[in-house]
Amino acid sequence: MDLRGPDIDTAVWDDIERFLRNPGDILEELDQEIEMDSSTAIAEAERVTLESAMVALAQRRKKTIELNTRDRISDTELVALLAEIAREQKAVEERLVKPAEDNSHKPLDLDLLQQLRHRLHQGLHEPQRQEIVRLLVKGITVHTDEDAEGKKKEKR
């Protein structure tokens, strides 16, 4: 199974929503995870994410130049788009240099959990969902197993 960004996004959101609606045993699992040294894993996950963002920005820059070459956008639009891409690249580069904050020992705010659960019932917009993911997810791990026939199965 080949996992793509939207597949991962959906799986992560489904897990978060399930957790927010019924945290149960997950809170105990979180307490156990806090005991582990997670700051290295968090930093590595952020580094990988930021490096992926740099690759995506380089591809976006290339496509923007191609649009100009094919006369799909004007030179003025090209300059503006390239400047925007350069600003985004600089921001990502700065985050790559700056070490990630260690949030591994912050306790889960139960009041926040209750507020988020209430907001689920009201409906959330995409930026709100992204903020919740940013607050609650410190990393995503995909494990690959092979079944008896040698086919790969992804588990998260």
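We count residues from 1, following the sequence as given. Heavy-atom basis, side chains included; hydrogens, waters and symmetry copies ignored.
- Taken together through direct or relayed side-chain contacts under 4.5 Å among Ile, Leu, Val, Met, Phe, Trp and Tyr, Leu81 and Ile65 form part of one hydrophobic cluster.
- The CG atom of Leu57 lies 15.0 Å from the NZ atom of Lys62; values are rounded to the nearest 0.5 Å.
- Judged by distance alone, the side chain of Asn68 and the main-chain N or O of Ile73 form a donor-acceptor pair under 3.5 Å.
- Note: the hydrophobic cluster containing Met54 also contains Leu50 (ILVMFWY, side chain heavy atoms under 4.5 Å, direct or indirect links).
- Within 6.0 Å of atom CZ in Arg72, 12 or fewer heavy atoms from other residues, nucleotides or ligands are found, so the atom counts as exposed in its surroundings.
- The distance from the NZ atom of Lys63 to the CD1 atom of Ile85 is 11.0 Å, given to the nearest 0.5 Å.
- A donor-acceptor pair under 3.5 Å is absent between the side-chain atoms of Glu17 and the main chain of Asp14, judged by distance alone.
- Salt-bridge annotation for Glu84 and Arg60: present, with a side-chain N of the basic residue lying under 4.0 Å from a carboxylate O of the acidic one.
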task: Would you check, one step at a time, whether the test side chain to side chain contact (heavy atoms under 4.5 Å, CB included) holds for Leu96 with Glu46?
output: CA-CA 8 Å; Leu96 272 169; Glu46 183 173 15; over 6 Å; no

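- The side-chain contact (heavy atoms from CB on, under 4.5 Å) search around Thr49 returns none, not counting sequence neighbours.
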